[in-house]
Amino acid sequence: SPRDTLTLVVDDHEGADHTTPRGAIAELRVAELASRGLTYRAIGERLYVSRRTVETHVAHVFVKLNVRSKAELASAYAMRFGAQVPAQDP
């Protein structure tokens with residue numbers, strides 16, 4: 001469930017602010033879409049947030065998962081959550 005995966009992402013980051021799960025949920029949603037290869041603009045349109053907000057969430061997720069690219073994010077996301085993430089969103 002999203003709450004279970006949320007805990008994994010938030011707990012992986014030293015000093016993570018566990019009092020703001022809403023932000024962590026947003027990061028998880030953005031991470032899932034970015035791992036599918038969506039552009040930051042497309043993610044923003046889908047989630048009704050700005051491209052800059054998406055960039056910020058992705059930057060936080062990169063730090064938490066210790067990755068440097070969307071390709072590494074896709075691999076880390078699939079390994080961590082047991083999901084087979086497609087290269088592109090249909």
The test is salt bridge (charged side-chain N to carboxylate O under 4.0 Å, His left out); show your working for Glu55 and Arg52 and say whether it passes. CA-CA 5 Å; Glu55 290 173 357; Arg52 180 69 181 123; 3.6 Å; yes
Apply side chain to side chain donor-acceptor pair (under 3.5 Å) to Ser50 and list each qualifying residue two or more places apart in sequence or on a separate chain. Thr53
From Leu28 CG over to His57 NE2, what is the distance, rounded to the nearest 0.5 angstrom? 11.0 Å
Nearest 0.5 Å, what's the CD-CG distance between Glu32 and Leu73? 10.0 Å
Below 4.5 Å, heavy atoms only, C-beta onward: do Val49 and Ile43 meet side chain to side chain? no
Residue pair Leu47 / Val30, side-chain heavy-atom distance below 4.5 Å: yes
Heavy atoms only: give me the nearest Val61-Ala31 pair and the separation to one decimal. CG1-CB, 3.8 Å
Under 4.5 Å between any side-chain heavy atoms of Lys70 and Tyr40, yes or no? yes
Looking only at heavy atoms, which two atoms of Ala74 and Ser35 are closest? And how far apart? CB-O, 3.3 Å
Are Glu45 and Arg51 within salt-bridge range, i.e. N to O under 4.0 Å? no
